[in-house]
Amino acid sequence: MRRPEAPATTHESGLMSAGEPSVRMEADQLQRLLDALPVLISYIDSDERYGVVNRAYERWFGEDSGSIVGRQVREVIGDAAYAAVKPHITAVLAGRPQDFEARLTYREGRRRHVRIQYIPHRGASGDVRGFFALVADVSEQKRAEDARRFLADASAALDPAQGRDAGFRRVAALAVASVADLCAVHTLEPAGSVHARVVAHADPAKAELAARLARLGRPLPEPGTRTSLLHEVLHGGHGRLLPDLADPALAGADHLAALRELGCRSAVIVPIRGDACVLAALTLASAEVDRTYGAADLAFAEELSQRIEVTLQRVRLYDMARDAESEARRRFLAEQEARRAAERAAQRMAGLQRITAALADALTSEAVAQVVVDIGVAAAGAYAGTIVVTAGDELECLKEVGYERETIERFRQMPLDAALPLTDALRTGAPVWLRSREECAARYPRIASAVLSGATVSLCCLPLVVQERPIGVLGLSFAEPRPFDREEQEFLVAVSRQCAQAMERARLHEERAALVERERRVALENARLYREAHEADRRKDEFIAMLSHELRNPLAPITTGLELLQMSAQMSAQMSAGERADRDDRQILATLERQVKTIVRLVDDLLDVSRITRGKIELKRERLDVASVVETAVESVRPLLVQRGHDLVLSVDPGVFVHGDRVRLEQVVVNLLNNAIKYTNPGGRVSLACAAIAGDARIRVTDTGVGISAELLPRVFEPFMQARRTLDRSQGGLGIGLTLVKRLAELHGGRVEALSGGPGEGTAISVWLPLAGAPSAPAEAPAPPAPGAAPPRARTRPLHVLLIDDNVDAAEGLRRVLQLHGHAVSMAHDGPAALDAARASKPDLVLLDIGLPGMDGYEVVRRLRAEPELTRSYIAALSGYGQDQDRRRSREAGFDAHLTKPVATEQLLSLLAEAAPRG
């Protein structure tokens, strides 16, 4: 069946109209049917205007139904109600049916709980043209549900253990949250006046007014005047129903006047009865415009009052039971206290026995303190304790438990003359008993807050006396006041005596143990010295054997060569001049030269080790490029490298400068390469790498040789140290090469490291040397060229250079260098002047000092980069700092390069070459 089209409407009559009389008659009949229904039925178009309404709207809004048709929903139901239903109207106009319940506040403050159904009306094309609305008033049903729920909640909230007033407050809070706008409980005072126990209001804005009215008492009416309804109810009257508080007959009742002031329109007042009298009066009031309390509400209030009466009876029974329980508990506690006193005496005796047994095994002062503090604190019932002993003119804490760290640090050491309970006990030799904070404040007023800190309420300080001489103090802290009766004092003094005796025994034992320990250490030291002497003797023998071996190796060919030269000379005397040849002689002489050099090298190495050990060596330092040192060293070992058939892999970064002695650093690299070549089997690979790493120049030599064992690796840099099993004597050497490397590196402020995976895994030796700073600027400009001589020529085309530095002398030196190389130079000495000079000259290259006064170099480069005419300028930073983070920061600020002061001429010329293509 097709859905009918939306009915045509007329705003005048509010009825559906059609062309035919029969259709119009059917519409009239439908309208009468709708008017007969008790629920609100309407049709609302897409503009949210009423098209059809039934007569229930007249009863609901007090207007003629015809006057509603054509008006918008918001105008008819009011802003508050419209705000609540607007989301549902939007949804139904989007084609989604709505079925919901809401508590709406209509015009003139009327509040109703309604159930609403919105049914979309679609046209033939499926578009939503409006919707049908069905609204049913379910307020009474909801009130009944709320009342039932409230009674259940109120019964649950009335807890006898909470007391009468707490129950009244709970009931009032529940009431204003569900069944009433105001709830009050009044009682009759002994003088006859009425007192408001509780007044609660559902509107938070009126809560202050309700509280103020609750503080106003209701005096007893004067004789001859009308008695208030509250007085009547409190004096035994029945509950009163007040459907209209605006009734003129109630004008004189001050209690009702207060209700009217709070906006209430209808109320009920019912008594809350006790065994023989009325205990209180309960008032419930409504502020709703269309809410009038009736007999059902009065019955509801009386049922609530009866439940409260039952609770109050339970409160009285609860109080009686509590009193009886308190008396029984008092008797029980007295018995328990007597039993605990006996138990404490037994525990003290047992604790004293445990302490005595544990102290028998304590052989040190610390162990004695541990036993006494751990066991004694528990046995005494203290929460914390400490033992302090004399240490010169002070008391020193030996052991503590239970105290806060701040307290421990404050009293870890105390002068003997300090006015403290601990020092008083030590000086007098008598216990100090402080039974409460008040007693401590009276005896030690200046330090009471410090002594009794944290959880401490009372304490005692017991001197540890040995042969009438106090050696320390036992302190115990308690978390509650202590009477320190005679029995407790005797027990604590006995503990302190046991502690003192054990401390003296421990002192004697420690002295004996110290004597034994000294004798043991002397014996161990003697054994160590013997081992070292034996080891030194063994290594001396090995060294002499190695030296003999190494000297015999070159001496053997020298001896043979000399014999050959003699034989050659004899043969030459017998030969004619034309037959003589010197080829063999040259080979023999070359062999002699190599072997003599070997002996010289061995002797030099020994002398160098001796000089370094005695501090007699002097370094001739200069600024060196490590690459040139490596190049010279490689050439020195190349014959040995070729002889062994090794591959040499070089990876040397350019521009790595150190401040050192060229000869000694070449000696370091040569020794590293010799070591790698000798201990690598023929045909192996030796690698040498050099790079700048974290402020150091690292020279690393790696080989694929025999490796170093784990036990030898930590000692590889010691003099004359060689592996007896993994290194063959055929490799030669005295075992001092790496020692020289280490000591020469340390003389240069560096360090060394050896790494190896073990035998057969090769070795890597690294040397770190501090990087050198940039070269200093020349103190004086170079002398001008001689007359007629050609001036120095720049490697690149002439550039215009802007030099910015607040150090005038340094800037002048750089200017002369640049001009000697054919470049035009302008200078500035601060940030603003630099900006003006750059705009005026538009330089090809800007050398900018970062540490300018006022506007630093970072700010200057940012502003230069913002100038469109300077986009092609090459800008280099000048700085005394050259770490990675300094270079990164200058790069982020906009610099093209970063030079570290002082700038070397080679660096400057390289920079000019980089900047030339930009111009």
Side-chain angles (χ1 to χ4, degrees), residues 623 655 657 772-861 863-865 867 869-870 872-882 886-887 890 893-919:
R623 192 170 187 272
F657 290 89
S776 303
E780 297 181 0
R793 298 183 57 84
R795 297 180 184 176
T796 60
R797 66 176 181 82
L799 301 178
H800 184 85
V801 181
L802 173 58
L803 179 58
I804 307 163
D805 196 332
D806 62 327
N807 188 327
V808 177
D809 293 337
E812 184 64 24
L814 281 179
R815 180 185 68 80
R816 291 180 182 178
V817 173
L818 291 168
Q819 287 178 342
L820 286 174
H821 286 82
H823 301 286
V825 182
S826 56
M827 293 195 302
H829 302 298
D830 57 48
L835 295 175
D836 294 339
R839 297 186 185 108
S841 62
K842 301 177 181 59
D844 301 307
L845 171 63
V846 179
L847 296 177
L848 175 56
D849 181 23
I850 291 178
L852 292 176
M855 183 188 303
D856 63 22
Y858 297 119
E859 180 62 24
V860 173
V861 73
R863 297 196 183 188
L864 290 177
R865 291 304 186 196
E867 297 285 340
E869 297 180 349
L870 301 176
R872 297 183 61 81
S873 295
Y874 192 96
I875 305 177
L878 297 177
S879 174
Y881 300 97
D886 303 313
R887 298 180 183 276
S890 64
F895 286 100
D896 294 304
H898 185 106
L899 301 181
T900 304
K901 294 181 179 180
V903 181
T905 302
E906 294 82 357
Q907 285 183 289
L908 193 58
L909 295 179
S910 299
L911 187 70
L912 290 165
E914 292 181 15
R918 286 250 190 125

Pairwise side-chain contact, L799 with P843, heavy-atom cut-off 4.5 Å (strictly under):
no

Contact between V846 and V861 at the side-chain level, heavy atoms closer than 4.5 Å - yes or no?
no

Taking atom CD1 of I804 and atom CG of L864, what is their separation to the nearest 0.5 Å?
6.0 Å

Distance from L845 atom CG to L803 atom CG, nearest 0.5 Å?
9.0 Å

Taking atom CG of L848 and atom OH of Y858, what is their separation to the nearest 0.5 Å?
10.0 Å

Show, in sequence, the C-alpha distance, side-chain angles and deciding distance for D805 and L847, and conclude whether the side-chain contact (heavy atoms from CB on, under 4.5 Å) test is met.
CA-CA 8 Å; D805 196 332; L847 296 177; over 6 Å; no

For the CD atom of E859 and the CG atom of L852, what is their distance to the nearest 0.5 Å?
11.5 Å

Tell me if a side-chain donor or acceptor on R797 pairs with a main-chain N or O of A916 at a distance below 3.5 Å.
yes

Can you measure from CG (D856) to CG (D849) and round to the nearest 0.5 angstrom?
10.0 Å

L802 and A834: which non-hydrogen atoms are nearest, and at how many Å?
CD2-O, 3.9 Å

So, does R887 use its side chain to make a donor-acceptor pair with the main chain of H898 at under 3.5 Å?
yes

Could you list all the side-chain hydrogen bond (donor to acceptor under 3.5 Å, both in side chains) pairs where at least one residue sits in residues 826-840, not counting sequence neighbours?
H800-S826, D836-R839, R839-E867

On a heavy-atom basis, the closest approach of K842 and L870 is CA-CD2, 3.9 Å

Is the closest side-chain heavy-atom distance between L908 and H821 below 4.5 Å?
no

In chain order, what residues pass the side-chain hydrogen bond (donor to acceptor under 3.5 Å, both in side chains) check against Y874, with sequence neighbours excluded?
E914

